[in-house]
2 protein chains.
Amino acid sequence: MPKETFFNLPDEKRALIEATAVSEFATHGYDNASINRIVAGAKIAKGSFYQYFHDKKDVYKHLMARIAEKKLDYISPVLQNPGDYDFFTLLQAAYRSGLDFARENPQIALIGNQVFKHRDHPIHQEIFKEGQDAGKAFYEQLLRLAIARGEIRPDIDIPFVIHILNTLNVATFEYYFESIKGNDFNMTEIDDDVMDTVDLFIDFIKNGIGTP
Amino acid sequence: MPKETFFNLPDEKRALIEATAVSEFATHGYDNASINRIVAGAKIAKGSFYQYFHDKKDVYKHLMARIAEKKLDYISPVLQNPGDYDFFTLLQAAYRSGLDFARENPQIALIGNQVFKHRDHPIHQEIFKEGQDAGKAFYEQLLRLAIARGEIRPDIDIPFVIHILNTLNVATFEYYFESIKGNDFNMTEIDDDVMDTVDLFIDFIKNGIGTP
DNA sequence: AAGTCACATGACTCAGAGGTCACATGCCGA
DNA sequence: TCGGCATGTGACCTCTGAGTCATGTGACTT
């Protein structure tokens with residue numbers, strides 16, 4: 001938790017610090033992010049930074065909390081009643097809301113990617129120790145339900161498929177970011193295409209790439 | 001290229017240095033790998049290290065070259081005549097030879113993982129600048145051939161599928177390593193299971209996880 | 001025995017990291 | 001006007017990184 005001083009700051013200043021820190025962590029990852037660069041970017045003194053936060057970990061955790069908070073706003077209504085929809089509809093909704101989030105908060109989505117990419121890193125293990133297991137448990141529940149309903153083949157290796165689905169999540173975002181990078185960061189233009197790709201992608205998970 | 005001095009070294013010493021460096025890069029990645037730790041581990045002076053290599057990049061590139069060399073030995077005969085087999089057989093062969101390699105050279109496979117994980121890192125861009133494009137081109141060729149033969153649905157987004165297949169490659173290895181980690185590094189025991197998983201996995205790519 | 005040459009060595013430089021601290025500034029109530 | 005207290009500041013600390021260099025060593029030549 002940041003120190004009280006940080007929360008007493010004028011909103012604008014606080015926002016600038018957070019934004020600068022987000023950008024730093026997004027582009028360099030946790031280990032290579034530099035407090036010096038953050039304070040320079042946010043135009044505050046190093047000493048001030050340490051009046052706001054206990055240490056590097058502290059900012060990072062705070063940002064993660066803020067991000068998680070923000071991400072909640074994007075969770076589609078579909079995902080709030082998982083029992084009412086079939087597995088692939090849920091998956092599609094998850095991807096779509098994820099991409100919506102990424103489109104509107106590209107920096108934050110980049111951090112999300114870093115987190116997934118380095119989910120074995122001690123700091124992430126620490127922050128998401130229960131979160132990860134809970135996520136897997138939720139996924140597992142969904143898969144079992146889908147199998148019971150006959151939506152998914154019963155012969156799949158559940159832990160393996162969970163891992164794959166997680167990874168594909170990252171892969172899709174990476175693809176998305178690479179696309180917009182190649183496109184001179186012109187996001188709005190490519191967005192609809194990517195959204196279409198999601199549908200194709202869900203179809204791929206469902207039916208494979210082989211001919212029927 | 002390492003300096004001549006390095007190649008004049010007795011085989012044993014050279015091997016020790018290489019092994020130590022491999023292990024360092026495998027566990028810490030390029031940025032966080034420490035020359036100090038390498039020289040300590042290999043029991044040579046820092047100065048000696050710089051008599052062998054120009055700089056950090058130099059060792060790394062050398063190791064990559066050695067690894068690529070070694071990996072060639074594992075390429076299955078199936079993959080050497082890609083025209084003679086259907087796409088999924090090729091994919092299966094690729095995964096199997098990859099896992100064979102990982103089983104017998106776990107440290108090196110870990111580096112391979114690092115490379116894939118950080119394929120956007122400047123050093124990897126530099127090392128594999130043509131290699132990556134060539135790989136993608138090869139994949140693309142295979143996919144087009146497979147589509148022409150009617151093995152793969154013609155409506156797939158080729159670049160996207162290439163990206164996905166690449167990512168899944170890493171995902172499989174990560175899963176493999178996580179499994180053996182949980183199993184106290186007892187590899188031989190789990191190996192056959194993992195090989196079975198590959199078959200299931202290929203099937204998943206071909207037919208998806210949905211019910212037919 | 002003297003000289004040469006390849007290799008070995010670790011103390012050193014400089015840069016940048018995260019984090020600290022003595023002091024400056026400015027606002028607010030008395 | 002003054003004291004007190006929250007906030008701001010940047011020089012400074014220690015640590016570790018990559019990379020350098022003057023010097024040492026030992027084998028082989030002449």
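Just so we're on the same page: letters track the sequence lines, and every chain starts at 1.
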Of the listed nucleotides dG18(C), dG10(C), dA18(D), the one nearest the side chain of Y50(B):
dA18(D)
Between K136(A) and D133(A), is there a salt bridge with N-O shorter than 4.0 Å?
no
Among dT7(D), dG19(D), dT9(D), the one nearest K56(B) by side-chain distance
dG19(D)
Could you please name the option among dA17(C), dT9(D), dT20(C) that lies closest to any side-chain atom of K46(A)?
dT20(C)
Closest to the R37(A) side chain, choosing from dT9(D), dA8(C), dA17(C):
dA17(C)
Which part of the nucleic acid, if any, lies within contact of Y52(A), taking any heavy atom under 4.0 Å across all strands shown: a base, the sugar-phosphate backbone alone, or nothing?
sugar-phosphate
Does N36(B) put a side-chain nitrogen or oxygen below 4.0 Å from OP1 or OP2 of dT16(D)?
no
Are the charged groups of K117(A) and D120(B) less than 4.0 angstrom apart, N to O?
yes
Mind checking K43(B) for me? I need base, sugar-phosphate or nothing, with any heavy atom below 4.0 Å counting as a touch.
nothing
Ring centres under 6.0 Å, that's the criterion: do H62(A) and Y52(A) meet it?
no
Among the candidates dA8(C), dA17(C), dT9(C), find the nucleotide nearest to the side-chain atoms of K13(B).
dA8(C)
Would you tell me whether H163(B) and Y139(B) have side-chain atoms, one donor and one acceptor, within less than 3.5 Å of each other?
no
Base, sugar-phosphate, or nothing for T5(A), non-hydrogen atoms under 4.0 angstrom?
sugar-phosphate
At 4.0 Å (heavy atoms only), tell me whether K57(B) reaches a base, stays on the sugar-phosphate, or touches nothing.
nothing
Using the side-chain heavy atoms of D55(B), tell me which of these nucleotides is nearest: dG19(D), dA18(D), dC7(C).
dG19(D)
